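Computed from a predicted structure; not experimentally measured. Excluded from the calculations below are hydrogen atoms, water molecules and symmetry mates; all remaining heavy atoms, backbone and side chain alike, are included.
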Amino acid sequence: MSLSLALDFQYNKSIDKVWHALTDSDMLEKWIWKNDFKPVVGHKFTFRAEPSEWWDGIVKGEVLEVDEPNMISYTWASGAEEHVVTWTLTETPDGNTNLHLDQTGIHTEDGLKGAQYGWTNMSEQLTAVLEEQ
């Protein structure tokens, strides 16, 4: 069984600023984790978080598709799980940004709940990072 997560987040920033926060390694470190991310198709990257007793803190990925500043997609692999994360950015009529997340390939209900919890918390951190700009 494969489950999917879909979430929408609203940001009072331009699409270009949100794109930068999604694709710049230094910006990503501020709201996700340390990384060597580059928005280049085929680029393999690693996110490194603080390990815990349940998780080694490592997420590996590969950039699958880039359509600046509208969409970016990459794999998100940790342990035996490998998902695909796709961010779609849409400029709203008032110049703000809707950020849509699709995460596919989730294998369990607990994994789905964990992904939703994680991305919701990270979106709050992204809001704080964007407010600093």
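Counting heavy atoms from C-beta outward, Leu7 and Gln116 have side chains that approach closer than 4.5 Å. With contacts defined as side-chain heavy-atom distances shorter than 4.5 Å, the pair Lys44/Lys60 does not qualify. Put simply, the side chain of Val63 does not reach to within 4.5 Å of the side chain of Val40, judged on heavy atoms. Contact annotation: the side chain of Arg48 approaches that of Thr46 to within less than 4.5 Å [non-hydrogen atoms, C-beta and beyond]. Between Leu89 and Pro69, the closest side-chain pair of non-hydrogen atoms is not below 4.5 Å. Two residues are said to be in side-chain contact when any heavy atoms from C-beta on lie closer than 4.5 Å; Glu109 and Leu3 meet this criterion. The closest side-chain heavy-atom distance from Trp19 to Ile15 is not below 4.5 Å. Between Thr86 and Thr104 there is no side-chain heavy-atom pair separated by less than 4.5 Å.
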For side-chain contact (heavy atoms from CB on, under 4.5 Å), just list the numbers for Thr75 and His83, CA-CA rounded to whole Å, side-chain angles, deciding distance to a tenth of an Å, and then say yes or no.
CA-CA 6 Å; Thr75 59; His83 308 158; over 6 Å; no

Checking Gln10 against Asp8 for the side-chain contact (heavy atoms from CB on, under 4.5 Å) test, could you report, in this order, the C-alpha distance in whole Å, the side-chain angles of both residues, the deciding distance, and whether it holds?
CA-CA 7 Å; Gln10 311 300 317; Asp8 282 283; 4.3 Å; yes

Run the side-chain contact (heavy atoms from CB on, under 4.5 Å) check on Leu126 and Phe9 step by step: do they pass?
CA-CA 10 Å; Leu126 175 56; Phe9 306 102; over 6 Å; no

Please walk me through it: do Leu64 and Val41 pass side-chain contact (heavy atoms from CB on, under 4.5 Å)?
CA-CA 5 Å; Leu64 302 173; Val41 172; over 6 Å; no

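A side-chain N or O of Thr92 and one of Asp94 form a donor-acceptor pair less than 3.5 Å apart. A donor and an acceptor atom, one from each side chain of His100 and Asp102, are located under 3.5 Å apart. Under the 3.5 Å distance criterion, with hydrogens and angles disregarded, no donor-acceptor pair is assigned to the side chains of His43 and Glu62.
Across Lys13 and Thr97, no two heavy atoms sit closer than the pair O-OG1, 2.7 Å. Of all heavy-atom pairs spanning Thr127 and Tyr11, the tightest one is OG1-CE2, 3.2 Å. Shown here for Gly105 and Ser2, the closest heavy-atom pair between the two residues is CA-OG, 3.3 Å.
A side-chain donor-acceptor contact under 3.5 Å links Ser52 to the backbone of Trp54.
Val129 and Phe37 end up in the same hydrophobic cluster when Ile, Leu, Val, Met, Phe, Trp and Tyr side chains are linked at under 4.5 Å. A chain of hydrophobic side-chain contacts below 4.5 Å, direct or via other Ile, Leu, Val, Met, Phe, Trp or Tyr residues, connects Val66 to Leu22. Hydrophobic clustering (ILVMFWY, side-chain heavy atoms < 4.5 Å, transitive): Met122 and Leu112 are in one cluster.
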Identify all side-chain donor-acceptor contacts of residues 25-32 below 3.5 Å with residues at least two apart in sequence or on another chain.
from	atom 1	to	atom 2	distance (Å)
Ser25	OG	Asn35	O	3.2
Ser25	OG	Asn35	OD1	2.7
Trp31	NE1	Ala21	O	2.9

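Grouping Ile, Leu, Val, Met, Phe, Trp and Tyr residues whose side-chain heavy atoms lie under 4.5 Å apart, directly or via other members, leaves Ile58 alone, with no other cluster members.
With rounding to the nearest 0.5 Å, the separation of CG in Asn70 from OG1 in Thr88 is 8.5 Å.
Residues that satisfy the ring-ring contact (aromatic ring centres under 6.0 Å, His included) test with Trp119, not counting sequence neighbours, are Trp76, Trp87.
The number of heavy-atom neighbours closer than 6.0 Å to CD of Glu50, taken from other residues, nucleotides and ligands shown, is 12 or below.
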